[in-house]
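Remember, predicted model here, so these are calculated numbers, not experimental data. Just so it is clear: chains get the letters A, B, ... in the order the sequence lines come, proteins before strands, and each one is counted from 1.
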Amino acid sequence: MSSLQFYNSLTRQKEVFSSLIPGRVGMYVCGPTVSGESHLGHARPFITFDIVYRYLRHLGYQVRYVRNITDAGHFEEEGRESEDKISKKAILEKMEPMELVQKYTNLFHWAMREFNNVEPSIEPTATGHIVEQIVMIQRIMADGYAYEANGSVYFDVEKYHRDFSAKGMQYGILSGRVLDDQLETTRELESQEEKRNKADFALWKHAAPEHIMRWQSPWGEGFPGWHIECSAMSNKYLGAEFDIHGGGMDLQFPHHECEIAQSAVCNHQIPAKFWLHNNMITINGRKMGKSYNNVIKLSELFSGSHEILTQAYSPMTVRFFILQTHYRSTLDFSNEALQAAEKGLRRIWEAFTQLNKFVVLDNNISAGDPDLEQHCFEVLSALDDDMNDDLNTAKVLAGLFELVPVINSIKDGLIKNNALTTATMLLMKEKFNTFLVDIFGLKDEKKHDDQKLGAVLQLIADIRKDAREKKDYATSDKIRNQLLEAGIQLKDEKDGGLSWVLV
RNA sequence: GGUCCUGUGGCCGAGUGGCUAGGCAGAGCUCUGCAAAAGCUUCUACAGCGGUUCGAAUCCGCUCGGGACCUCCA
């Protein structure tokens with residue numbers, strides 16, 4: 001079997017993954033800013049890195065997964081009205097800042113549960129780590145890479161770049177940007193006079209009087225800059241160097257670039273070995289964003305209450321939709337694509353459910369159908385390699401889909417139950433369970449473990465069977481059609497039996 | 001303007017220098033009282049133009065199109 005490879009944004013190539021400490025992995029993923037409700041775009045990184053987390057654990061690693069909550073509110077680009085997003089909205093809604101932050105944090109957690117994401121090991125908040133951030137800023141200042149101006153502190157990008165280029169940690173190492181170009185192309189902004197250089201970024205920002213969220217610091221009352229929280233918290237919980245840093249591609253610059261600079265000054269090394277970035281979800285070819293007015297909130301997605309949506313899409317449908325694409329490709333949203341995902345998921349899930357019901361022959365060592373046996377074995381064997389190849393979940397799913405007709409044919413008796421060896425049948429069961437449930441985190445949203453409902457349906461099925469035998473098709477069709485309207489689909493099986501699924 | 005990514009059949013999407021991706025939709029057939037489900041078969045591809053090569057959707061160049069980042073952003 002191949003070994004796990006990730007595409008490392010830092011080196012711009014696929015690399016075999018090995019952890020710094022054998023058997024253990026430290027992973028930091030940039031979490032949400034809880035100044036508003038999470039939208040469809042947020043689903044991608046958190047599902048993607050949930051897969052990374054699940055897969056690493058599946059491979060036997062003990063993983064510490066740190067995903068922060070940004071609740072301190074990053075200020076806008078310097079030069080514009082300095083305003084804290086969270087504070088501004090809090091005033092509008094007449095809520096305490098922390099009350100607002102709590103509300104959206106709760107909503108975020110709700111969405112994560114809906115998606116069946118495993119909780120991170122540590123979920124630190126920015127507001128809970130103000131002290132760590134201040135200490136880190138002080139260290140950067142002590143080394144001469146930051147300066148104070150009017151109660152704000154800025155990172156001296158040019159000096160950092162000059163000194164650290166020789167150490168292989170130039171500013172732009174992650175994003176591929178050239179600092180000199182940056183200096184020329186950065187837009188002219190108002191009130192830049194505080195900064196020595198246009199490329200400098202804020203570590204600490206002086207709080208204007210109307211600013212509600214504020215903390216005491218050596219530089220007066222203010223709040224932390226955009227990038228320092230992730231550096232401070234990843235350093236605290238994962239150390240100076242850890243294995244994986246993840247996030248959306250849009251965070252690569254400036255956010256992650258700045259994190260590297262901050263950590264490099266403090267710890268003299270790039271904080272993470274592997275930098276993984278998921279691509280964006282687009283709607284009609286455009287990234288979701290307030291400026292495009294095409295933001296679909298997760299609650300709207302699940303309920304279908306957005307004008308773009310022609311129907312509601314369940315969390316598992318969305319999860320499956322995301323898994324059908326490689327995480328580094330853009331994924332374009334459309335109702336048609338989501339509906340295709342919904343049907344595809346149902347098809348594979350029903351086959352999976354069926355597979356789990358099969359009673360495997362005890363000692364079938366010679367396949368009744370050698371060609372099929374070989375085909376199945378090859379497909380099953382390729383799954384791990386595809387997953388190891390930078391998490392090609394799309395290809396793994398395609399492989400599993402190839403086996404769906406086999407499963408259905410066995411069920412319908414079109415393929416004899418001795419066609420495949422016991423070993424292959426058991427392998428098939430194992431792989432379906434491992435990938436769909438353990439690694440992909442899919443679950444049955446229509447689970448019907450209600451025994452009373454089962455009994456009622458069994459009765460109805462018997463009545464319908466009697467009606468059909470009497471050729472009373474009016475009755476049998478009425479039962480079938482009305483149940484379908486109620487969301488229960490009856491299926492007449494080849495053997496004369498009858499099964500049902502919730503739709 | 002700068003940096004980078006991308007262009008696959010009706011839709012969504014994998015993909016490697018030569019070997020069926022897969023899903024959804026469509027068509028035909030089988031099964032069925034009729035459906036549904038399922039099975040089998042099947043139609044539409046690799047933006048365009050050059051080049052490298054025995055051979056390219058896959059490598060290179062150009063043209064055209066789309067997108068991301070450069071500003072909070074998943």
Side-chain angles (χ1 to χ4, degrees), chain A residues 12 29-33 35 38-49 70 73-80 83 85 172 175-178 180-182 184-187 189 199 226 246-255 277-282 285-291 295 320-321 324-326 328-348 350-351 354 386 389 392-402 404-409 411-415 468 471-473 476-477 480-481 484 489-494 499 501 503:
Chain A
R12 295 173 185 79
V29 174
C30 292
T33 301
S35 61
S38 300
H39 57 71
L40 172 58
H42 293 108
R44 192 143 195 213
F46 303 131
I47 289 174
T48 297
F49 290 103
T70 299
H74 290 163
F75 53 82
E76 303 289 339
E77 165 65 54
E78 41 271 85
R80 295 182 197 171
E83 58 188 8
K85 279 199 298 193
S175 59
R177 279 163 213 285
V178 179
D180 292 342
D181 294 346
Q182 292 259 138
E184 287 167 16
T185 58
T186 303
R187 292 191 308 200
L189 297 161
W226 326 335
M249 265 183 192
D250 50 350
L251 296 181
Q252 197 168 343
F253 188 89
H255 186 57
H277 292 99
N278 64 275
N279 216 317
M280 304 288 103
I281 290 181
T282 57
R286 287 215 166 270
K287 192 178 95 160
M288 238 177 284
K290 280 178 192 163
S291 49
V295 176
F320 186 78
F321 174 65
Q324 271 191 305
T325 307
H326 188 93
R328 283 191 293 109
S329 300
T330 54
L331 174 55
D332 196 47
F333 171 93
S334 68
N335 282 288
E336 210 178 355
L338 260 290
Q339 282 158 21
E342 185 179 75
K343 289 180 185 173
L345 171 60
R346 195 172 147 198
R347 178 170 152 83
I348 203 169
E350 283 182 18
Q354 191 57 48
D386 292 334
D389 183 14
N392 198 335
T393 55
K395 215 170 174 189
V396 170
L397 282 174
L400 294 176
F401 265 112
E402 284 212 51
V404 167
V406 177
I407 294 167
N408 287 333
S409 293
K411 173 187 170 233
D412 288 343
L414 299 170
I415 293 176
R468 288 184 68 201
K471 299 202 189 299
D472 177 8
Y473 297 124
S476 67
D477 287 357
R480 183 220 284 155
N481 296 337
L484 185 60
Q489 184 179 57
L490 298 183
K491 295 178 181 178
D492 294 325
E493 300 294 345
K494 295 261 189 288
S499 66
V501 291
V503 293

For this session: Applying ring pair (Phe, Tyr, Trp, His ring centres under 6.0 Å), name anything that partners A/His277, two or more places apart in sequence or on another chain.
Result: A/His256
Exercise. Rounded to the nearest Å, what distance is computed from the CD1 atom of residue A/Ile415 to the C1' atom of nucleotide B/rC40?
Worked result: 11 Å
Problem set entry | Side-chain donor/acceptor of A/Arg177 to base of B/rC69, under 3.5 Å | yes
For this session: Whole angstrom is fine here: how far is it from CZ in A/Arg44 over to C1' in B/rA68?
Result: 13 Å
Exercise. Whom does B/rC62 pair with, Watson-Crick or G-U wobble, provided both distances fall under 3.5 Å?
Worked result: B/rG48
For this session: Ignoring the backbone of A/Ala337, work out which of B/rC34, B/rC69, B/rC12 is nearest its side chain.
Result: B/rC12
For this session: Spell out yes or no: do the side chain of A/Arg480 and the base of B/rA35 have one donor N/O and one acceptor N/O closer than 3.5 Å?
Result: yes
For this session: Give A/Asn481 one of three labels, base, sugar-phosphate or nothing, depending on what nucleic acid heavy atoms sit under 4.0 Å from its own.
Result: nothing
Exercise. Across all strands shown, which nucleotide pairs with B/rC69 by Watson-Crick or G-U wobble geometry, both distances under 3.5 Å?
Worked result: B/rG2
Problem set entry | A/Arg468 side-chain proximity, nearest of B/rA74, B/rU32, B/rG39 | B/rU32
Exercise. Is B/rC40 paired to anything, Watson-Crick or G-U wobble with both distances less than 3.5 Å, and if yes, which nucleotide?
Worked result: B/rG28
Exercise. Does A/Asn392 get its side chain close enough to the base of B/rG15, under 3.5 Å, for a donor-acceptor pair?
Worked result: no
Problem set entry | Length of the line joining A/Leu331:CG and B/rA68:P, which is rounded to integer Å | 14 Å
Exercise. Which nucleotide in the set B/rA74, B/rG13, B/rA21 lies at the smallest distance from any side-chain heavy atom of A/Glu402?
Worked result: B/rA21
